[in-house]
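Letters A, B, ... are given to chains in the order of the sequence lines, protein chains preceding strands, and every chain is numbered from 1.
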2 protein chains.
Amino acid sequence: MIKTVSNRKRVKLSPKFVTNEIAINCIVFGYVGGNLKVLMVKEENDGENKWRLPATFMKKNETANDATQRLLQESGIKESIFLSQLNAHCDPNRMITIGHYALIDTEKYSINKSTMSWIKISYIQQLFYNQNAIFEEALMRLKRMVQDTPIAIKLLPRKFALPELMNLYEAILGVEIDKPNLRKKILGSKYVLQLNEKSYSFTYRSTKLYTLNLAVFNSYDSKIADYDF
Amino acid sequence: MIKTVSNRKRVKLSPKFVTNEIAINCIVFGYVGGNLKVLMVKEENDGENKWRLPATFMKKNETANDATQRLLQESGIKESIFLSQLNAHCDPNRMITIGHYALIDTEKYSINKSTMSWIKISYIQQLFYNQNAIFEEALMRLKRMVQDTPIAIKLLPRKFALPELMNLYEAILGVEIDKPNLRKKILGSKYVLQLNEKSYSFTYRSTKLYTLNLAVFNSYDSKIADYDF
DNA sequence: TCAAAAGTGTTGGCATTACACCCATGT
DNA sequence: ACATGGGTGTAATGCCAACACTTTTGA
């Protein structure tokens, strides 16, 4: 067996090693008004209103995760469905930004800052600095997760219709979904329970309502944890 | 369309926001002597030789990727098959460590530092600080990649036998592989070309040798790029 | 009454799994 | 000669994509 170091002397940094300020930003995904949206911050710039990703800096005694939780709290989001770190992006001589992405149940929590709002992902164009790269990374990770786990259901309201879920999948993946196959997959999975109610909220048509089968869903929690990386 | 900020005033940091020193470490995987191994650094500690992951600190003008490349260079590794960032691990009040993992063609490059050596992954026990978490993360990412892409072939010597590839898969995934099914998969994929040679190097038995079909393999480069996240 | 959208059923193909088996060879 | 490990073939399975189809319902 290989013996490894259990405690090590404190490293002394020579001047050539820089220390940096650490920025945190978070791509917050939510399903709002039938659309996949991202939480953005309004910023006054030369009298014009423009948008950027929510961001903060790491404080003393905080981990990156702590700082991100704080960032969410400050926006009125007490809890997220899922939160994970993305790559750290380095802008030499400027700063290091650790990206994150979060999934939010927008039925449970509403943002409390007038400077923020939900922006449809198709509207997001050119972000400044490295924020586009981080956004793309978040979207790619969301796509991967949504294809391999049932987590998308948690983005929907507690009572939802299958066409609504299909609409969400299409928004996230950016492709058309085959309706019969999606129904088979979802209903066959036992993730959802059918309710004795019908809805007119999503479309003008009435549709059967379903709700998450928590017991079955929770048995997949360990699989969802894999998507931390 | 939403307008976004294209340039922003420099942020002034208040004293409550800390700046940190950024450590880099890298889990370097290689296939050596029929085993999956990781590059470790010998460290004198109270007269005993112990092992740790290769590490450095980010210098001025460097990105995390730059620093990792430098770390590899300093060990004699000019090029890697694959290199990707892992999560940043935060130890409050101490430092931030950005993990990386690299795959190395050990036939092409040999380490030039007497303080380093290749350690079988099954021998790696308790690492100090957060290095275990980073190691587990690297291994999980490697497993995922190896299951979904043919990259494992690139870890092998230029000429290799199928039982050797099978052995590598078993070492990485930690499970038994069904021999007939693996053969079908690999040979059916056209990733490999059969050579008119036989080998006695891997086992005492003679086996047919194969080599990577670069043209076919390269058509999957874009898929491999997905594993940056 | 008609179009659009909800909802159902059938099919074929592809990939994965399990496993039985033959063959070559080093001891 | 025989055990070990290299190498081959086949059948069962399950998943997924494609698509034809019926039913409902709001306008």
Side-chain angles (χ1 to χ4, degrees), chain A residues 34-35 143-144 146-150 152-153 156-157 159-211 216 220 223, chain B residues 34-35 143-150 152-153 156-157 159-211 216 219-220 223:
Chain A
N35 290 301
K143 283 183 185 179
R144 187 194 292 164
V146 136
Q147 279 171 322
D148 298 346
T149 78
I153 302 172
L156 296 176
K159 298 176 180 184
F160 61 89
L162 288 190
E164 206 169 358
L165 181 57
M166 180 170 147
N167 172 63
L168 174 57
Y169 274 119
E170 290 183 335
I172 295 175
L173 299 173
V175 293
E176 259 189 47
I177 306 281
D178 183 89
K179 185 180 24 147
N181 292 333
L182 180 73
R183 296 185 71 87
K184 251 177 303 173
K185 186 167 182 169
I186 299 298
L187 297 179
S189 71
K190 313 285 183 202
Y191 291 133
V192 298
L193 295 169
Q194 192 182 324
L195 300 171
N196 288 324
E197 298 176 58
K198 288 198 166 193
S199 152
Y200 290 81
S201 59
F202 176 61
T203 52
Y204 66 97
R205 301 292 286 259
S206 91
T207 62
K208 286 182 199 160
L209 284 179
Y210 295 83
T211 196
V216 176
Y220 278 74
K223 198 178 176 189
Chain B
N35 289 301
K143 283 182 183 179
R144 188 195 290 163
M145 196 171 182
V146 137
Q147 278 170 323
D148 298 347
T149 78
I153 302 172
L156 296 176
K159 298 177 180 183
F160 61 89
L162 289 191
E164 206 168 358
L165 181 57
M166 180 170 148
N167 172 64
L168 174 57
Y169 275 119
E170 291 184 333
I172 294 175
L173 299 173
V175 292
E176 258 188 48
I177 306 278
D178 183 90
K179 186 185 15 154
N181 293 334
L182 179 73
R183 296 185 71 87
K184 250 179 302 172
K185 185 166 183 168
I186 299 299
L187 297 179
S189 71
K190 314 285 183 200
Y191 292 133
V192 299
L193 295 169
Q194 192 183 324
L195 300 172
N196 289 323
E197 298 177 56
K198 289 199 166 193
S199 152
Y200 290 81
S201 59
F202 176 62
T203 51
Y204 66 96
R205 302 294 284 257
S206 91
T207 61
K208 286 181 199 159
L209 284 180
Y210 294 84
T211 197
V216 176
S219 65
Y220 277 74
K223 198 178 177 190

* Asked: Reading nucleotides 11-18 of chain D 5' to 3', which nucleotides get B (base under 4.0 Å from a protein heavy atom), which S (sugar-phosphate only), which -?
  -> ------BB
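Taking 3.5 Å as the limit, the base of C:dG7 and the side chain of A:Lys179 contain a donor-acceptor pair of atoms between them.
Residues satisfying the side chain to side chain contact (heavy atoms under 4.5 Å, CB included) test with B:Lys185, not counting sequence neighbours, are none. Remark: A:Thr211 pairs with A:Arg158, A:Leu193, A:Leu195 by the side chain to side chain contact (heavy atoms under 4.5 Å, CB included) rule, at least two apart or across chains. With sequence neighbours left out, B:Gln147 forms a side chain to side chain contact (heavy atoms under 4.5 Å, CB included) with B:Leu173. Residues passing the ring pair (Phe, Tyr, Trp, His ring centres under 6.0 Å) test with B:Tyr191, sequence neighbours excluded: B:Tyr220.
If you take CG of B:Asp148 and P of C:dA15, they are 14 Å apart, rounded to a whole angstrom. Distance, A:Glu164 CD to C:dG7 P: 12 Å, rounded to whole Å. What separates CG of B:Leu165 from C1' of D:dG6 is a distance of 15 Å, to the nearest Å. Separating the CG atom of B:Leu209 from the P atom of D:dG6 is a distance of 13 Å, rounded to the nearest angstrom. Protein atom CD1 of B:Ile186 is 14 Å distant from nucleotide atom P of C:dA15, rounded to whole Å. Here the C1' atom of nucleotide C:dA6 and the CE atom of A:Met166 are 10 Å apart, to the nearest Å. Whole-Å rounding puts the B:Ile177 CD1 to D:dG7 P distance at 17 Å.
A:Thr207 and A:Ala161 make their closest contact through OG1-CB, 3.0 Å (heavy atoms, listed as atom of the first residue, atom of the second, distance).
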Show every donor-acceptor pair shorter than 3.5 Å between a side-chain atom in residues 176-183 of chain A and any protein atom, with sequence neighbours excluded, or say none if there are none.
residue  : atom : partner  : partner atom : Å
A:Asp178 : OD2  : A:Asn181 : N            : 3.0
A:Asp178 : OD2  : A:Asn181 : ND2          : 3.0
A:Asn181 : OD1  : A:Lys184 : NZ           : 3.1

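Considering only the side chain of B:Pro163, D:dG6 comes nearest among D:dT25, C:dT25, D:dG6.
Looking at heavy-atom distances under 4.0 Å, A:Lys208 makes contact with sugar-phosphate atoms alone, never a base.
In this model, the phosphate group of D:dG6 is not approached by any side-chain N or O of B:Arg183 to a distance below 4.0 Å at OP1 or OP2.
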